[in-house]
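Presented below is the structure to which this report refers.
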Amino acid sequence: MTKIALVTGAARGIGLATSQLFAKDGWRVLMLDIDGDELHRAAPDVQGAEPVVCDVSDADAVARLAAEMAAGKDGLDALVNNAGIADFGPIEETDFARWRNVMANNLDGVFLMSQAFTPHLKARRGAIVNIASISALRASTLRVAYGTSKAGVAHLTQQQAVELGEHGIRVNCICPGPVRTKLAMAVHSQEIIDAYHDAIPLGRYGKEAEIAEAITWLCSDKASFVTGQRLAVDGGFEATGIGLPALRG
């Protein structure tokens, strides 16, 4: 039986790399993203992928999607909750609307997707991998909303693992460190890049494909007794302590 994975935030970055790796390993991949134009440009390059346009922070849209998929009665082997936004700013400039937007996309979306697709995962005793951030594990400046949302994702992962384990559903969390995405390279100054290289024991940014390898491993039978874990894929960054001077205002 062909395994089925649903990957959110799949039009670019880690989500796209994960979709590509699933497809390479013979999975059927449902690529979900709110950006329909970018999604339909990316999906043809992922063998056999099916593009799905949906806003994970919209409870009604998520419920409709889950109902549509239930009609197919295929079940789901893996749900990768990768969709989210990177919004950084000082505490004093983070008004409530900005806070709620970050929470809606980064935390509410993970809750809504996981809850809606639990029946699909039960059918195949599938796995959930939630994508948090190293900011879930260590504090840093300018991340009052972002870091808090990702810490929520990390704890939600453990809540899900405890409750869904009796149904054979494994739930784990990936906490990526700095990753060399197009967006990161566009907004990180050379000073920040150098500071990260100095602070990361492996001396470099991670690659999208390296994060994807960890995600697909957690979804595979090779990780059949792994659940409730928060895995930092960060080149050792978490081990080096708190703060990065170049990011301080």
Side-chain angles (χ1 to χ4, degrees), residues 1-33 42-43 45-52 56 66 69 72-84 109-110 113-134 136-137 153-154 156-177 179 206-235:
M1 182 183 296
T2 301
K3 290 192 173 185
I4 304 172
L6 173 58
V7 181
T8 73
R12 56 178 63 81
I14 292 169
L16 177 56
T18 301
S19 299
Q20 292 169 331
L21 188 53
F22 271 129
K24 181 181 177 182
D25 290 342
W27 290 55
R28 175 186 164 200
V29 186
L30 306 176
M31 297 175 63
L32 184 151
D33 206 283
D45 292 330
V46 180
Q47 185 173 0
E50 301 173 36
V52 179
V56 298
M69 287 188 59
K73 298 181 180 179
D74 287 327
L76 198 62
D77 295 284
L79 169 62
V80 178
N81 286 310
N82 171 69
V110 174
M113 288 293 295
S114 300
Q115 185 180 62
F117 285 92
T118 289
H120 304 70
L121 292 158
K122 282 183 180 179
R124 294 198 177 202
R125 299 175 71 85
I128 299 174
V129 175
N130 298 322
I131 309 305
S133 167
I134 197 63
L137 306 178
V153 170
L156 175 60
T157 296
Q158 294 185 316
Q159 293 288 153
Q160 293 170 331
V162 169
E163 186 166 338
L164 300 178
E166 64 184 88
H167 304 295
I169 299 173
R170 297 181 300 103
V171 190
N172 292 287
C173 177
I174 292 287
C175 298
V179 178
K207 301 173 184 176
E208 294 164 349
E210 291 175 315
I211 311 301
E213 289 282 0
I215 294 168
T216 56
W217 175 75
L218 284 172
C219 292
S220 76
D221 293 337
K222 294 178 180 179
S224 58
F225 201 53
V226 181
T227 194
Q229 300 305 302
R230 296 173 291 183
L231 176 62
V233 185
D234 66 348

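In this text the structure is predicted, and so the values were computed from the model without any measurement.
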Rounded at 0.5 Å granularity, tell me how far [atom1] in [X] sits from [atom2] in [Y].
X      : Y      : atom1 : atom2 : result
Arg125 : Ser224 : CZ    : OG    : 11.0 Å
Lys3   : Asp221 : NZ    : CG    : 3.5 Å
Met1   : Asp74  : CE    : CG    : 9.0 Å
Leu76  : Leu6   : CG    : CG    : 5.5 Å
Thr157 : Arg170 : OG1   : CZ    : 13.0 Å
Glu213 : Ile174 : CD    : CD1   : 11.0 Å

For [X] against [Y], the heavy-atom pair lying closest together:
X      : Y      : answer
Ala78  : Cys219 : CB-SG, 3.7 Å
Ser19  : Ala10  : OG-CB, 3.7 Å
Leu121 : Leu79  : CD2-N, 4.2 Å
Thr2   : Gly26  : CG2-O, 3.7 Å
Cys175 : Ser133 : CB-O, 3.4 Å
Ala161 : Thr227 : CB-OG1, 3.6 Å

Side-chain contact test, heavy atoms from C-beta onward, threshold under 4.5 Å: evaluate it for [X] versus [Y] and give yes or no.
X      : Y      : result
Thr18  : Leu21  : no
Ile128 : Met113 : no
Thr216 : Trp27  : no
Phe22  : Val46  : no
Met31  : Leu16  : yes
Leu32  : Leu30  : no
His120 : Ile4   : no

Quick check against the 3.5 Å criterion: does Asp77 have a side-chain atom that pairs as donor or acceptor with the backbone of Ala5?
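No, Asp77 side chain to Ala5 backbone: no donor-acceptor pair under 3.5 Å.
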
Look at the side chain of Gln160 and the backbone N and O of Gln158, then say whether any donor-acceptor pair between them is shorter than 3.5 Å.
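No, the answer is negative, given that no donor and acceptor are paired below the 3.5 Å cut-off.
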
Could you walk me through whether Leu156 and Val153 pass side chain to side chain contact (heavy atoms under 4.5 Å, CB included), step by step?
CA-CA 5 Å; Leu156 175 60; Val153 170; 5.5 Å; no

Matching residue for Asn130 among Asn82, Asn81, Asn172 - test: side chain to side chain donor-acceptor pair (under 3.5 Å):
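Single pass found, and it is Asn81.
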
For Glu50, enumerate each residue passing the salt bridge (Lys or Arg N to Asp or Glu O under 4.0 Å) test, keeping only those at least two apart in sequence or located in another chain.
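For Glu50 the salt bridge (Lys or Arg N to Asp or Glu O under 4.0 Å) partners, ignoring immediate neighbours, are Arg28.
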
Show your working on side chain to side chain contact (heavy atoms under 4.5 Å, CB included) between Ile215 and Val7 and close with a plain yes or no.
CA-CA 11 Å; Ile215 294 168; Val7 181; over 6 Å; no

